[in-house]
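Naming convention: chains lettered A, B, ... in sequence-line order (proteins, then strands); numbering from 1 in each chain. In this text, all values refer to a predicted model and were calculated from it rather than measured experimentally.
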Amino acid sequence: MNSIRPRPMPVLVPPHPAAPAPEAATVQLGVVMLCHENLPLAARMARIWADGGACVALHVDSKAPEPEVAQLHRALEGTAAVYAPSRSCSWGTFSLVAATQDAARALLTAHPHLTHVLLVSGSCLPLRPVAELRAFLSRYPDADFIESVNVSDVGWTVGGLNEERFTLHFPFSFRKNRKLFDRYVQLQRRLGVKRRLPQGVAPHIGSQWWCLTARTLRAVLDDPRRREFDRYFRRVWIPDESYFQTLVRRHSVRIESRSLTLAKFDNQGKPYVFYDDHLALLANSHIFVARKIWPGAKALYDAFPMSASPAEVAEEPDAERLEALLERAAQRRRLGRPGLYMQSRFPRKDAENGKTAQRYSVIYGFGDAFEGLREWLAHATRREIHGHLLHREEIEFASGEMIGPGALSANPALRDLDTQGFLASLIRSSDGMPGFLYSPRDLQKLNWFMATDPNAQIFVLTGAWIAPLLQSDMPFDDVRRMAAKLQRAEIAFLDILDSVWVKARVRRWALTDVLGDPEEALTALCQTLRPDAGPALPPLPPLRDMRGVAGLLRQLRNAGLKPRKMGDPRLLRALTGGVTRPGQARPGGDRAGRAGKTAAPGG
Amino acid sequence: MTSLRNRTAQIAPNAILALVTLRNERVRLPYFLDYYRGIGIDHFLIVDNDSNDGSREFLADQPDVSLWTTGESYKGSRFGMDWLNHLLRRYGAGHWCLTVDPDEFLVYPHVNTRPLRALTDWLESSGQRSFSAMLLDMYPKGPITDQPYREGQDPFEIAAWFDPANYAIRKNRKFLNLWIQGGPRARSFFADQPQSAPALNKIPLVRWQRRFAYASSTHMLLPRSLNLVYDQDGGEMASGALLHAKFLSTFIAKSAEELDRRQHYADSQEYRAYHQGLQDAADFWCPQSRRYRDWRQLEEVGLISRGNWA
């Protein structure tokens, strides 16, 4: 796109077969321009309209500085522009409608031959030559282009006032006195205040910027009930978005409910602004008029109005791509990117719109029951499976390195500055569905976070924490203390998983389930982690030696700690080789048989 | 603090100002000034803290710089903030003011196509008075002594790498600002004392009013509503980054000097850590480091956001 080029003289655009000149000539376009600030720019825009063959009438806000107004008049000498008497305009009030009425009247009086009138502001930029607009209008000779939507069907207005714009009173300025404005609205709602609408009027609202046929515009201005309507609309809120939009419904033969001016508002009710980098997008939209343009967007002011290539001269406006861009921006402002925590997005708990960026797996307890589970799972599922990311002393990244995804450090002290941020960053920085091992020995402070996260798939093996204790050399008192701690942590976790707030997908097994049929659990894991992998699994990882577990459990029970969530005790006894006193059965590293001999039917 | 060159009469009513305090940064200055002139800074207000490398003379000759000098203690002036708060109150009121160090380079959404004024106009129309730009530590691949920095050179030709997602964020309930720590410094130098890792949250761009003040460096402001530069309902507000060109070949001499002077925060603990790290020929680079491309990349990674500034 050649962005810097001299502005084409619209009058010189050659007529194109698709837009025959004689037809276009039947359209006599008038432009009503409302000017508030930046009058030099307004003068430049008025000049573009006038040079394109349109008759221009201006209303200049009486608050505009005197010298600038004089300069505007000088700049438009020789264009036959007419001026409506100056009023002081303020946003959201009837003054804007009155200014439009005055200028429209002045325009139609000075140029009775006009067939169409376009309402623009001094900062609206014509994107296409006036001739193309005239040709376009000649294809819809009777149509009034004005967005006019019945208030009862509107869902887009900012601030939530639709019908109430028409039925409440608004004596306080929205911009200067927001609190009072809001409170007065509340009060009227409570009291059930309701203004009566003029008879036969169905309130409609829509974009302030329209293009009407001169016939319709005259009919609105000359309506015998105009005095009554004006009196009513004087007290309506933002009447410039409803006066013409409502009253054309009385007079128009054909309403095209869309604006020829692109004027989109963001979710704060503030118009979107266009810059030099939007040039290509604006040019390809075939829109006739755009606002707002940043005053410093030199390339846009230099490039537009831009005549379309001969093949595109008759193109209809199509704002779809532009609107998609603005919609994406609005989404980003309102919803943000799921799972992102950063300097300008730091959502409150449960207002995250996605706690994490993608699905992930939490594999709880299995690492204690199987040897080499992490490596086996990584191999079987070809996913990034980390070790215990929430380990209290060391973070076990899948790579085994000291730096993990996103350049996160394996230093637990750094992680613990913001544990939730650590996990969210890791998940956001990983490729497809990472997973990690988890156990009651790890930090437990993310339990609620994970359980309430729809992205989490939590595989829980309860009671597995006993396995490492079985193989430790610790004195029984320490084993008992540790067992109590781990069991407490596990039960706290299970309580969370049993709560009604759980959004994660949770699957649970008890220790005996897995001892009895390890293949079933591991198959389920693999199929969830890699649904497309097929049923064939690599040889299963060996179960840890569980001999003596029933004895240890009994010993714990006798010492006052009732083991829970292990599964059926009789089954456990059968699966782990009966009761052996832990003192005899616990390994001192001297046992040769490592595989769970009684419990690996599939492996 | 005495005025050496006061060109503040040149400041137009809508000028965008940059405020800087520095010491011995001569070699960095030409690129620094050009970068900020390029994005649309109209006037620089600079406090020179007793430079002896020609910085002062160089700055005095610049047509758009007003220069003050002081021999007072950097530490005694709360790390230069007293000087800058004074200048902000005196000259900044009613202007958009960018407060940065000579090794910090502001990047914001659309920086390649839209000047700073487009941003400040937009912030103003959104009713936003302050703009967040976190400090993003940039580093070279390999030991930082390997590629010497030449005057006038874009420092990010050398220090081209950054950590994409290694940042811890907490909310300061008293001042309402976010407290961000992490990046290469935290993982390389502060592994043993992560609490002391430098703060990376910054709010350098503010439409100044007389009653405003920076409370601690540019990390937080008063009144504290200025620190609410983040959305708490899941949305994203617009934000940028200050690319931090600290880790260049010039850093070795600088850290030795600063360690000597002990004029920095927390008894220059940071510099001591650096010095130790540097002697071990620290290399920040890791396979997860990203090579800096443009603002879009920073946005994709999730370090900055355009918010609804489409």
Side-chain angles (χ1 to χ4, degrees), chain A residues 266-268 270-278 294-297 325-348 351-354 357 399 401-411 413-419 421-422 425-426 428-429, chain B residues 110 112-115 117-118 121-122 125-127 132-134 162-171 178 180-184 186-187 190-195 197 200-202 229-239 241 286-290 301-310:
Chain A
D266 64 16
N267 36 355
Q268 298 172 310
K270 171 169 66 68
Y272 276 107
V273 180
F274 295 106
Y275 301 88
D276 287 352
D277 42 302
H278 293 121
W294 183 55
L325 172 88
L326 302 182
E327 184 49 38
R328 275 200 304 277
Q331 287 265 358
R332 178 149 290 187
R333 177 68 188 84
R334 201 162 48 85
L335 299 173
R337 287 168 278 181
L340 177 65
Y341 302 79
M342 46 92 78
Q343 55 173 332
S344 54
R345 180 185 204 262
F346 198 65
R348 263 184 280 267
E352 295 97 343
N353 299 325
S399 60
E401 302 288 333
M402 288 306 288
I403 296 175
L408 287 162
S409 164
N411 185 322
L414 282 171
R415 171 197 65 193
D416 295 343
L417 290 178
D418 172 17
T419 318
F422 171 88
S425 291
L426 179 121
R428 195 165 180 276
S429 305
Chain B
H110 308 288
N112 54 337
T113 50
R114 303 180 196 172
R117 181 169 309 282
D121 281 356
W122 180 78
S125 71
S126 314
S132 175
M134 74 174 276
F162 65 93
D163 279 14
N166 170 30
Y167 303 94
I169 310 179
R170 284 173 291 169
K171 187 171 161 179
L178 295 183
I180 307 179
Q181 292 171 295
R187 65 176 162 79
F190 290 89
D192 305 330
Q193 33 173 352
Q195 305 282 345
L200 303 176
N201 49 295
K202 293 224 165 191
V229 288
Y230 52 96
D231 190 293
Q232 303 190 76
D233 297 314
E236 292 177 31
M237 287 171 73
S239 55
C286 65
Q288 288 79 11
S289 301
R290 296 286 177 91
V301 169
L303 290 170
I304 72 172
S305 176
R306 79 184 80 182
N308 57 338
W309 196 32

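Among Gly406(A), Gly336(A), Ser429(A), the residue with the largest count of heavy-atom pairs under 4.5 Å with chain B is Gly406(A). In terms of heavy-atom pairs under 4.5 Å with chain B, the best-connected choice from Leu414(A), Asp416(A), Asn353(A) is Leu414(A). Of the residues considered (Asp233(B), Thr113(B), Val301(B)), Asp233(B) shows the highest number of contacts with chain A, using heavy-atom pairs under 4.5 Å. Ranked by heavy-atom pairs under 4.5 Å with chain B, the list Ala297(A), Ala410(A), Gly404(A), Ser409(A) is led by Gly404(A). Listed options Asp277(A), Leu340(A), Leu408(A), Leu325(A) were ranked by heavy-atom pairs under 4.5 angstrom with chain B; first place goes to Asp277(A). Ranked by non-hydrogen atom pairs under 4.5 Å with chain B, the options Pro338(A), Pro295(A), Pro347(A) are led by Pro347(A). Interface check for chain B: of the options Met342(A), Arg332(A), Arg415(A), the most heavy-atom pairs under 4.5 Å are formed by Arg332(A). Among the candidates Ala241(B), Pro194(B), Pro115(B), the residue making the largest number of heavy-atom pairs closer than 4.5 Å to chain A is Pro194(B).
The contact between Leu417(A) and chain B is made by backbone and side chain atoms together, counting heavy-atom distances below 4.5 Å. Interface residue Arg348(A): backbone and side-chain heavy atoms are both found under 4.5 Å from chain B. For Ile169(B), the parts lying under 4.5 angstrom from a heavy atom of chain A are both the backbone and the side chain. With a threshold of 4.5 angstrom between heavy atoms, Pro405(A) approaches chain B through N, CA, C or O but not through any side-chain atom. Of the atoms belonging to Ala238(B), it is backbone heavy atoms, and not side-chain ones, that fall under 4.5 Å from chain A. Proximity to chain B is limited to the side chain of Arg428(A), based on heavy atoms less than 4.5 angstrom apart. Proximity to chain A (any heavy atom under 4.5 Å) is shown, for Ile304(B), by both the backbone and the side chain.
Trp309(B) carries Arg114(B) over the face of its six-membered ring, with the cationic atom under 6.0 Å from the centre and within 45° of the normal.
With hydrogens and angles disregarded, a donor-acceptor distance shorter than 3.5 Å links the side chain of Arg345(A) to the backbone of Glu352(A). The backbone N or O of Ser305(B) sits nowhere less than 3.5 Å from a side-chain atom of Glu236(B) that would complete a donor-acceptor pair. Judged by distance alone, the side chain of Asn201(B) and the main-chain N or O of Met134(B) form no donor-acceptor pair under 3.5 Å.
The ring pair (Phe, Tyr, Trp, His ring centres under 6.0 Å) check on His278(A) picks up Phe274(A), with sequence neighbours excluded. Taking Phe346(A) as the reference, nothing meets the ring pair (Phe, Tyr, Trp, His ring centres under 6.0 Å) condition, with sequence neighbours excluded.
What you find for Tyr167(B) and Leu303(B) is that their closest heavy atoms are CE1-CD2, 3.7 Å.
In this structure, the side chains of Lys270(A) and Ser126(B) come closer than 4.5 Å at one or more pairs of heavy atoms.
With Asp163(B) as the fixed residue, the side-chain hydrogen bond (donor to acceptor under 3.5 Å, both in side chains) test singles out one of Gln288(B), Arg290(B), Arg187(B): Arg187(B).
Between Asp231(B) and Arg333(A) there is a salt bridge, since a side-chain N of the basic residue sits under 4.0 Å from a carboxylate O of the acidic one.
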